Amino acid sequence: MAFTIAVIALSAKMAKADGVVSPLEHDAFAEVFHFARSRPPTSSAVFDLAKQDVAGYEVYAGQIAALLKDDASSCSTCWRA
C-alpha cells in the first residue's frame, strides 16, 4: 500500500511541476495505473490532494527508492510506465 500511495502522489506532484495538472496528464495517469474497482475513489483522492503543489515530492521519491532498493528490475519497470 505504501508503494502505491507513493507512486500516485509522486505522479501527481510531477504533473504539477510545470504549474498546472492538465486533463491529459490526469488521463495519462488513469491509463497507466489500473486499480481494483474498490480503489478508484481512494486513488483519485490521493492524486487530487497531491497535485495541489510539488512540495514533498522528495519524500515520495525517497519512499519509492527505499521500497525498491533490493529489486532493480521492479524499479526500472516502474519508471518505464
Side-chain angles (χ1 to χ4, degrees):
M1 183 74 137
F3 175 78
T4 302
I5 291 172
V7 169
I8 292 169
L10 184 58
S11 298
K13 290 184 177 296
M14 297 310 294
K16 176 68 174 174
D18 65 355
V20 177
V21 179
S22 72
L24 287 174
E25 290 169 315
H26 194 276
D27 292 346
F29 174 80
E31 184 178 317
V32 171
F33 296 97
H34 304 279
F35 299 97
R37 291 185 187 263
S38 62
R39 292 285 182 210
T42 304
S43 59
S44 293
V46 170
F47 188 91
D48 289 341
L49 182 62
K51 75 178 184 182
Q52 293 178 9
D53 63 45
V54 297
Y57 77 90
E58 300 98 338
V59 173
Y60 294 108
Q63 287 176 345
I64 293 168
L67 289 167
L68 297 177
K69 70 179 179 169
D70 296 328
D71 190 354
S73 65
S74 291
C75 189
S76 64
T77 300
C78 177
W79 300 129
R80 279 192 299 234

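Just so we're clear, the structure is a prediction, and the values are computed from it rather than from any experiment. We number each residue from 1, following the sequence as shown.
Both V46 and V32 belong to a single network of hydrophobic side chains, linked directly or stepwise wherever heavy atoms of I, L, V, M, F, W or Y lie under 4.5 Å apart. Using a 4.5 Å cut-off between side-chain heavy atoms of Ile, Leu, Val, Met, Phe, Trp and Tyr, with links allowed through other members, V21 and I5 fall into the same hydrophobic cluster.
The distance from atom CD of E25 to atom NZ of K51, rounded to the nearest 0.5 Å, is 10.0 Å. Rounded to the nearest 0.5 Å, atoms CZ (F47) and CG (L10) are 10.5 Å apart.
In this structure, K13 contributes its side chain and D53 its backbone to a donor-acceptor pair below 3.5 Å.
Smallest separation of non-hydrogen atoms from I64 and A6: CG1-CB, 3.6 Å. Contact detail for F3 and L68: the closest heavy-atom pair is CE1-CD1, 3.8 Å.
In this structure the side chain of Y60 never reaches within 4.5 angstrom of the side chain of I8, judged on heavy atoms.
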